[in-house]
Amino acid sequence: MRRELPKTYNPADFEDRIYAEWCENKYFKPSDDTTKPTYTIVIPPPNITGQLHMGHALNNTLQDILIRYKRMKGFATLWLPGTDHASIATEAKIVEVMREEGLTKDDVGREEFLRRAWDWRKKYGGRIIEQLKKLGSSCDWDRERFTMDEGCSRAVKEVFVRLYEKGLIYRGERIINWCPHCKTSISDAEVDYEDQAGHLWHLHYPYKDGSGYVEVATTRPETMLGDTAVAVNPNDPRYAGCVGKTVILPLVGREIPVIADEYVDMEFGTGAVKITPAHDPNDFEVGRRHNLPIVTCMTEDAKITDDYPAYAGMDRYEARKKIVADLEKLGFLSEVEDHAHNVGTCYRCKTTVEPRVSMQWFVKMEPLAKPAIEAVRHGEIKFIPERFEKNYFYWMENIRDWCISRQLWWGHKIPAYYCDACDKMVVTKSDEAPRCSSCGGEMRQDPDTLDTWFSSALWPFSTLGWPDENAEDLRRFYPTNTLVTAYDIITFWVSRMIFSALEFTGKRPFENVLIHGLIRDAEGRKMSKSLGNGVDPLEIIEKYGADALRFALITGNSPGNDIRFSDEKIEAARIFANKLWNAARFVLMNLDNNEIKYPDASTLSVEDKWILTRYEEAIASITSAMERYELGVALSNIYDFTWDVFCDWYIELSKPSLMNKDGAVSPQRSFAAKNTLAFVLTGILKMLHPFMPFITEEIYQSLPRQEGDSKSIMVSPYPTYDEALTFSDDAESMEKVIDAIKAVRARRAEMNVPVSSKAKLYIETKRPDIFGAAAEPFFMRLASASGTQLCDGVPEANAVRIVTSAATIYIPMGELVDLAAEKKRLLTELEKNAGEIERLERKLSNEGFISKAPAAVVEGERAKLKKHREVKAALEAALKALEG
RNA sequence: GGAAGCAUAGCUCAGUUGGUUAGAGCACUUGCUUGACAUGCAAGGGGUCACUGGUUCAAGUCCAGUUGUUUCCACCA
């Protein structure tokens, strides 16, 4: 049913209604037609704790554009949505909520905690999904997944067991990053470093034999409680005789050796380093090399252990003060320097990370990284833009083993079981705790959970049915085609999906990775909660509509680059939507109720042929940009074509054919014009639809249908380039008239002649076929002419002369014309013209250019020269006429 | 410490594989209620494409260096 368009564009009137219609008609589901090629995107699953922010809006707009484009291009498209359990982020949220009730995790216990977590997921997990719908996302909601749903959990267990059996997962005591606030290990990638002003304390450790002391420098004096050696560089002459001696650790009294290790930088501090294997990753390595004992002096919440009664229970910073004071009192502190250094913090809570030795699970990365590097190197997987491949290679080539265990409750439990009675450990997919195979005793599951990225690494195939190799979706839609994500997540997620997919499915997870930037505010700052400069996309949608938001996010941007978001941009987007809306109203106003026909060349006028030619060119360039993921370029091409070509020119050029004053226009002519308007408008709507789905659908549904189109634009075919609708000669003729109109307007504006003052135009031209009667209405409507007449030479003295490459136009203006000024103007123009001619002549007489440049380029330059020479002749004639 | 990006009009940015006189939006100036749109129309001003050198018939575009700036990675106590 066709609808009348209201006078003003008001997106709130129709966006929700249209989205509901799409859902009802199941347009988001992939076509059942298995002969169609497939195109698949899996969504980067937002956290269930998440609220839609601008980053999501951009990320999902890009995906929706690609999916809608491919759908119209005839692919069976699947955009698979879902959410991530986000173990540490969600757990932190729930802990926070419980704290408000005065409860801790330990108070409620694991079972109750998980019950709360699932409740929380039920309550808020769907929130971001609803917000994605507001944006217009055309996901297949029936296939929505969750990283902790049954299928994904099965995949996680499968992967863990297979890696373990292959020897690629191991358990070991290592030093890891520990967050004393979240009380869990975190991976290297989860540590953020920030500059902090600190101090370098110089401490004296006396030799046991009483021969003085060695001076060490440290930024963390409290860790001295765990020192098990002092290290110096083996090549350091200052300490040549000291290696092998024993020092007595102040405050503690422990006897520790002085050792030599290359790790020590002679230039830094005093050249002597205290070694604390339990609380520093480098010291841990030194400790392993020298078989040093590991002495832990801090608890998991970063308090001093009971082994040191004087400081027991003190927080690490409190202990630092006390220890420094005590050392000073006893004369072991010689100097305190200011020292800026980088401190690792937890990416979740910003607490300073405490390196800590503990038993953790790791993935051995090197064997997995290798094929993942090859896949990108050989172009099996491409990054867009390509430069991000460098980041990827750097990370993958220097990869370290991945700590995957987390001391959290919310997440996938590690499928390892330990015997209570003996030390037996079993790794199994089974949900039942096995009996110990050695002693038959009870076994208990490892209490830890897996890093949240462990399950998201499997997302492209676990969501399609893996590990069931024969799952229908997996067979039909895997490997997926494009992954869309921001550059800050390449290491966390993209790289892990690649090696996981290659290892477990033997195929790449996706062929292209489209990287986008971050959204910044109008001043270029990152949007963040703490700065309070975040813009809520839902507010924008409410105020301006989802289409305007999408337009503002995409326009003027290229892959991988950050985007500044500002009120001006969103305002410009809405204005464009309004422009399109009104252009559509104009077309509708003039349209009969007929179906839109494919244009028939025999009925077309020169202006129709011109717009169709320009339209076909637009299809070619827009499609090419879409295929290259240059979505910003594609959109600006659509914008320019819509506004500058279609609205500003063709609609105006069509008016003489539509406004049939005294029956001068034939029904055939009027039909061709109306049909051309509707045909081109429909094409614009289709090309714009992936970017602005709502307004294009709303307008489309109010237009008569084009042959072969569906009732919804989103499942209509995308325009394809048709050479039969290009008419280069006619288009060129029309351009010449347009040039002349522009030149007349410019001169009139220059002379401050109001539009209302009409004047007859005399046109001297070698192309009377173009500038004859057919062109008259255009000059009358668009160049303030009262009429036009072809002439040969100056029609009367004191006429303004306007010179274009195809014609010289005279406007008799009587006294209005200042002869002296006119002469001056002609001379200036002639001078400009002469400059151009000289430049071109020089270029064309350059033998290197003629012989080496492509023929087409040379030809183009020749044509230009010819055109300029013609203008020169016309200008000279005009000047002569003026003087004579 | 290592790496990458960016530097183009007053502002925000486009500018494909080198090939017209370097573009757009906003802002600015001037004139217009022209039968879809004043959320509009028309005309205009404004740029030594950061700097230096190189390759080329030809450089905003490719190469090297310099300066400024942003980001990522590493984490020497």
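Below, all heavy atoms of this structure are taken into account, side chains as well, without hydrogens, waters or symmetry copies. Residue numbers begin at 1 in each chain, while the letters A, B, ... track the order of the sequences.
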(request) Go ahead and name the base partner of U69(B); Watson-Crick or wobble counts if both distances stay under 3.5 Å, otherwise write none. (result) G5(B)
(message) Over all strands shown, is His202(A) touching base, sugar-phosphate only, or nothing at heavy-atom distances under 4.0 angstrom?
(response) nothing
(message) Whether the Ser654(A) and Lys674(A) side chains hold a donor-acceptor pair (N or O, under 3.5 Å, no angle test) is what I'd like checked.
(response) no
(message) If you count every heavy atom of other residues, nucleotides or ligands that lies below 6.0 Å from Lys758(A) atom NZ, does the total exceed 12?
(response) yes
(message) Does A36(B) have OP1 or OP2 under 4.0 Å away from a side-chain N or O of Lys655(A)?
(response) yes
(message) Side chain of Val857(A) only, heavy atoms from C-beta on: which candidate in A77(B), G19(B), C37(B) is closest?
(response) G19(B)
(request) On RNA chain B, check which nucleotide each of Asp488(A) and Met589(A) is closest to and give me the residue with the more 5' one. (result) Met589(A)
(request) Side chain of Asp648(A) only, please: which of C37(B), C41(B), U12(B) is the nearest? (result) C41(B)
(message) My understanding is that a pair needs two contacts under 3.5 Å, Watson-Crick or G-U wobble. By that rule, which nucleotide pairs with U56(B)?
(response) none
(message) Can you tell me the base-pairing partner of G45(B)? Count Watson-Crick or G-U wobble geometry only, both distances below 3.5 Å, and say none if there is no partner.
(response) none
(message) Under 4.0 Å, heavy atoms only, any strand: does Ala572(A) hit a base, just the sugar-phosphate, or nothing?
(response) sugar-phosphate
(request) Determine the interplanar angle of the Phe388(A) and Tyr487(A) rings, folded into 0 to 90°, and report it as parallel if under 30°, tilted if 30 to 60°, perpendicular if over 60°. (result) parallel
(request) Mark yes or no: Lys390(A) above the aromatic ring of Phe383(A), with NZ or CZ under 6.0 Å from the six-membered ring centre and no more than 45 degrees from the axis. (result) no
(request) Return yes if a side-chain donor-acceptor contact under 3.5 Å exists between Thr276(A) and Asp227(A), otherwise no. (result) yes
(request) Could you let me know what G25(B) is paired to, Watson-Crick or G-U wobble, both distances under 3.5 Å, or none if it's on its own? (result) C11(B)
(request) Using a heavy-atom cut-off of under 4.0 Å over every strand shown, decide if Trp201(A) touches base, sugar-phosphate, or nothing. (result) nothing
(request) For Lys852(A) and for Asp265(A), find the nucleotide of RNA chain B with the closest heavy atom, then tell me which residue's nucleotide is more 5'. (result) Lys852(A)
(message) Counting only Watson-Crick pairs (N1-N3 plus N6-O4 or O6-N4) and G-U wobbles (N1-O2, O6-N3), all under 3.5 Å, who is the partner of A77(B)?
(response) none
(message) Nearest to the Arg520(A) side chain among G19(B), C37(B), U71(B), which nucleotide is it?
(response) U71(B)
